[in-house]
Participant: 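Handing you a structure now.
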Amino acid sequence: MARTIHAALLGAGTVGGGVYRLLERREGEMVNKLGAALEIKTILVRDAKKPRAGIPPEKLTERFEDILSDPEIDIVIELMGGIDPAKRYVEEALAAGKHVVTANKDLLAEHGFELAETAAARGLDLRFEASVAGGIPILTPLMTCLEGNDITEVMGIVNGTTNFILTRMTNEGTDFADALREAQALGFAEADPTADVEGLDAARKVAILASLAFHSHVTFSDVPTVGITKITAKDIGYAREMGYVIKLIGIARSTNGEIEVGVSPMMIPKRHPLASVNDSFNAVFVHGDALDDAMFQGRGAGAFPTASAVVGDLIAVSRDILAGCNGRVRLNPYRGLPLQSRGNAAHRFYLRLRVEDRPGILASVAGVLGNNDVGISQVIQKQRTEDDAEIVVITDRVQTRHMEDALTIFGSMSVIRDVSSVIRVYSEKP
Ligand code: NAP
Ligand code: HSE
């Protein structure tokens, strides 16, 4: 008779429900696959009376204590989200000698290192593959298959909701609010979708990726973040005319012993592979000294793609339990690289300015940019109304602080009605 490994789910929402159903699908082959059966014994929810399709009500509890005090439960799978009480429950599970699998990037991006230390000190597994890029295997490869490399760049599209919204806005002219509602209905969005559209979810994922790739301590608050709420149909249209597509991009680079991280909308040339990553798909580029470039692409959100990563972790932990070798792989910040000061990071920018329509204005705009070391790559006068003109500028690669100095001066010039948009433009790594 094969052994049964018991696990508990904390949460039975989009991802928890997907995990339960995926394990049911694989139930018949688990003993052959693993050498043991896997059973979800107990499921913690806020409201145990709420009907949940396909989940036996007798497994539901509203008391975490029922899971913590059950000696049969070896693995706790945290799929509730947020920091509190998720952090406390994960800490208590580890203290009780239970392995943890989680999809919670909020928790990992702020407290990943302390939780990893606690798990390692107790010889327990803490796995979190689903916390970045949904179903795409990216964290385990960084921690195992790619360990022989000096990784210098990890960048790409790491939020499914915003990619879905931008794709709908670009390809179908869908309104932002309608596209967001569709993403929520499909289960891609966070409980509070502000985390998606303001780039915070992507910033948490960038912090986790940078920590793993560069073996350094990078947390959520270290990642300068701009979301997609200010992207307009006009910018999408101008980008298209100039041969670009707008995507929300997360970047983690290590250059000259310093780490640059950030999340922002970016104009990507149409020929670049990221430009054709659409809908809820994510894609992550990794550059390593031995590997060169690799791209990981797949579904970044949704019940089953995310469940795929969670169940993969669950099987990995179960294998370690059966082999008696838990706690082998962990977050380890042994390099401790510092963060680059934000103003020194160099980028190209797209600017859309509404200006007074009279002779000499274009020259004044060019003068301010030139005086602040901002080189111009392209300038187009886009549109004239009664007394307004619209100027679109694409800059060369310039230091962020120089760009910011020029924008401050634009803000004080009466002939410039407003700086309507500032969007980064993709440039190859330096
Ligand atoms: P969700 O649909 O909102 O589900 C959350 C579940 O947790 C619900 O079943 C809820 O119970 C339960 N829960 C929340 N707070 C609780 C508490 N204090 N006590 C007991 N139960 C509690 O969320 P989700 O989309 O599945 O996301 C779960 C986690 O996976 C989050 O960390 C998220 O960031 C991450 N994630 C999500 C996706 C995705 O595509 N959705 C992808 C990757 C990672 P009730 O049902 O009773 O309310
Ligand atoms: N809300 C997240 C997204 C879920 O849209 O990518 C996957 O982490």
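The first residue of the sequence shown is numbered 1, and numbering continues consecutively from there. Order of appearance sets the numbers: ligands from 1, and atoms from 1 within every ligand.
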Participant: Report the part of P85 (side chain from C-beta onward, or backbone N, CA, C, O) that has a heavy atom under 4.0 Å from ligand 1; answer both or neither where that applies.
Facilitator: side chain

Participant: Rounded to the nearest 0.5 Å, what separation is found between the CG atom of D66 and the CG atom of L60?
Facilitator: 11.5 Å

Participant: Report, in ascending order of atom number, the atoms of ligand 1 lying under 4.0 Å from any heavy atom of K50.
Facilitator: 45 (P), 46 (O), 48 (O)

Participant: Give the residue, atom name and distance (to 0.1 Å) of the protein heavy atom nearest atom 44 (C) of ligand 1.
Facilitator: A103 O, 3.5 Å

Participant: Out of G302, A202, G134, G300, whose heavy atom sits nearest atom 7 (C) of ligand 2?
Facilitator: G300

Participant: Verify the contact flag for atom 3 (O) of ligand 1, where contact means a protein heavy atom under 4.0 Å away.
Facilitator: no

Participant: Judged by modelled atom types alone, do R299 and N282 share a side-chain donor-acceptor pair under 3.5 Å?
Facilitator: no

Participant: Should N282 be counted as touching ligand 2, given the test is an N or O pair under 3.5 Å?
Facilitator: no

Participant: For ligand 2, which atoms sit closer than 4.0 Å to a heavy atom of T161?
Facilitator: 1 (N), 3 (C), 5 (O)

Participant: Which ligand 2 atoms does E190 reach within 4.0 Å, using its non-hydrogen atoms?
Facilitator: 1 (N), 2 (C), 4 (C)

Participant: E190 heavy atoms, cut-off 4.0 Å: which ligand 1 atoms fall inside?
Facilitator: 33 (C), 34 (O)

Participant: Tell me yes or no: between the side chains of S420 and D418, is some donor less than 3.5 Å from an acceptor?
Facilitator: yes

Participant: We want to know whether N159 and T162 form a side-chain donor-acceptor pair, criterion being a heavy-atom distance below 3.5 angstrom.
Facilitator: yes

Participant: Looking at ligand 2, does any of its N/O atoms fall within less than 3.5 Å of an N/O of F188?
Facilitator: yes

Participant: Grab the two heavy atoms, one from I246 and one from A239, that are nearest each other, plus how far apart they are.
Facilitator: CG1-CB, 3.9 Å

Participant: Output yes when the distance from some N or O of ligand 1 to some N or O of Y89 is under 3.5 Å, and no in every other case.
Facilitator: no

Participant: Tell me: protein heavy atom nearest atom 25 (O) of ligand 1, and distance?
Facilitator: T14 CB, 3.6 Å

Participant: Under the 3.5 angstrom rule, does the side chain of K87 hit a backbone N or O of H111 as a donor-acceptor pair?
Facilitator: no

Participant: Can you tell whether the side chains of K234 and E390 come within less than 4.0 Å, N to carboxylate O?
Facilitator: yes

Participant: Could you tell me which atoms of ligand 2, counted from 1 in the order shown, lie closer than 4.0 angstrom to a heavy atom of K205?
Facilitator: 2 (C), 3 (C), 6 (O), 7 (C), 8 (O)

Participant: Give the numbers and elements of all ligand 2 atoms closer than 4.0 Å to a heavy atom of K105.
Facilitator: 2 (C), 4 (C), 7 (C), 8 (O)

Participant: Considering only non-hydrogen protein atoms, determine which one is nearest to atom 10 (C) of ligand 1 and report residue, atom name and distance to 0.1 Å.
Facilitator: R46 NH2, 3.8 Å

Participant: Just need the protein heavy atom nearest to atom 28 (C) of ligand 1, so name the residue and atom and give the distance.
Facilitator: L79 O, 3.3 Å

Participant: Does some side-chain heavy atom of L94 sit less than 4.5 Å from a side-chain heavy atom of E91?
Facilitator: no

Participant: Within the structure, is a non-hydrogen atom of E62 found at a distance of less than 4.0 Å from ligand 1?
Facilitator: no

Participant: Taking the six-membered ring for Trp and the full ring for Phe, Tyr or His, determine whether the centres of H402 and F349 are under 6.0 Å apart.
Facilitator: no

Participant: For the residue pair N278 / K247, report whether a side-chain donor-acceptor contact shorter than 3.5 Å exists.
Facilitator: yes

Participant: Under the 3.5 angstrom rule, does the side chain of E62 hit a backbone N or O of A48 as a donor-acceptor pair?
Facilitator: yes

Participant: Using a strict 4.0 Å cut-off to heavy atoms of N104, name the atoms of ligand 1 that fall inside it.
Facilitator: 32 (O)

Participant: Are T395 and M403 packed together at the side-chain level, in the sense that at least one heavy-atom pair is separated by less than 4.5 angstrom?
Facilitator: yes

Participant: Under 4.0 Å from a heavy atom of G11: which atoms of ligand 1 are those, numbered in the order shown and with their elements?
Facilitator: 6 (C), 7 (O), 9 (O), 12 (C)

Participant: Mark up the atoms of ligand 1 that fall under 4.0 Å of a heavy atom belonging to A12, in ascending order.
Facilitator: 6 (C), 8 (C), 9 (O)

Participant: To check your reading of the model: name the closest protein heavy atom to atom 6 (O) of ligand 2, its residue, and the distance in Å.
Facilitator: G160 N, 2.7 Å

Participant: Which residue supplies the protein heavy atom nearest to atom 39 (C) of ligand 1, what is that atom called, and how far is it?
Facilitator: G187 O, 3.7 Å

Participant: I need the atoms of ligand 1 closer than 4.0 Å to a non-hydrogen atom of T306, numbered in the order shown.
Facilitator: 38 (C), 40 (O), 42 (C), 43 (C), 44 (C)

Participant: List ligand 1 atoms under 4.0 Å from G13, heavy atoms only on the residue side.
Facilitator: 2 (O), 4 (O), 6 (C), 8 (C), 9 (O), 26 (O)

Participant: For A130 and ligand 1, answer yes if some heavy atom of the residue is under 4.0 Å from a ligand atom, otherwise no.
Facilitator: yes

Participant: Identify the protein heavy atom lying closest to atom 32 (O) of ligand 1, giving its residue, its atom name and the separation to 0.1 Å.
Facilitator: G81 CA, 3.2 Å

Participant: Is a side-chain donor-acceptor pair under 3.5 Å present for N332 with H215?
Facilitator: no

Participant: Considering both backbone and side-chain atoms of G16, is one of its nitrogen or oxygen atoms within less than 3.5 Å of a nitrogen or oxygen in ligand 1?
Facilitator: no

Participant: For the pair S280 (side chain) and G160 (backbone), establish whether a donor and an acceptor sit closer than 3.5 Å, ignoring hydrogens and angles.
Facilitator: no

Participant: Sub-3.5 Å donor-acceptor pair from the side chain of E153 to the main-chain atoms of F285, do we have one?
Facilitator: no

Participant: Just by modelled atom types, is the F281 backbone N or O under 3.5 Å from a matching donor or acceptor in the N163 side chain?
Facilitator: yes

Participant: Hey, are R204 and D106 close enough for a salt bridge, meaning a charged N less than 4.0 Å from a carboxylate O?
Facilitator: yes

Participant: One residue to check: V132. Relative to ligand 2, which of side chain, backbone, both or neither has a non-hydrogen atom less than 4.0 Å away?
Facilitator: neither

Participant: Does the protein place a non-hydrogen atom closer than 4.0 angstrom to atom 23 (O) of ligand 1?
Facilitator: no

Participant: Do me a favour and list the nearest non-hydrogen protein atom to atom 40 (O) of ligand 1 with residue, atom name and distance?
Facilitator: G302 N, 2.7 Å

Participant: Under 4.0 Å, heavy-atom basis, I'd like to know which part of V15 is in contact with ligand 1: side chain, backbone, both or neither.
Facilitator: both

Participant: Check whether the side chains of T219 and E110 place a donor and an acceptor atom closer than 3.5 Å, and report yes or no.
Facilitator: no

Participant: Mind telling me whether F188 and F164 have parallel, tilted or perpendicular rings, with 30° and 60° as the class edges?
Facilitator: perpendicular

Participant: Counting only nitrogen or oxygen atoms and a 3.5 angstrom limit, does G82 reach ligand 1?
Facilitator: no

Participant: I need the nearest protein heavy-atom contact for atom 46 (O) of ligand 1: residue, atom name and distance, please.
Facilitator: R52 NH1, 2.8 Å

Participant: Is the side chain of T306 donor-acceptor paired with the backbone N or O of V15 at a distance under 3.5 Å, no angle test?
Facilitator: no

Participant: List every atom of ligand 2 that sits less than 4.0 Å from any heavy atom of N159, numbering the atoms from 1 in the order shown and giving each element.
Facilitator: 2 (C), 3 (C), 5 (O), 6 (O)

Participant: Using a 4.0 Å cut-off to any heavy atom of A301, which atoms of ligand 1 qualify?
Facilitator: 40 (O)

Participant: Select one of side chain, backbone, both or neither to describe which atoms of D196 lie under 4.0 Å from any atom of ligand 2, heavy atoms only.
Facilitator: side chain

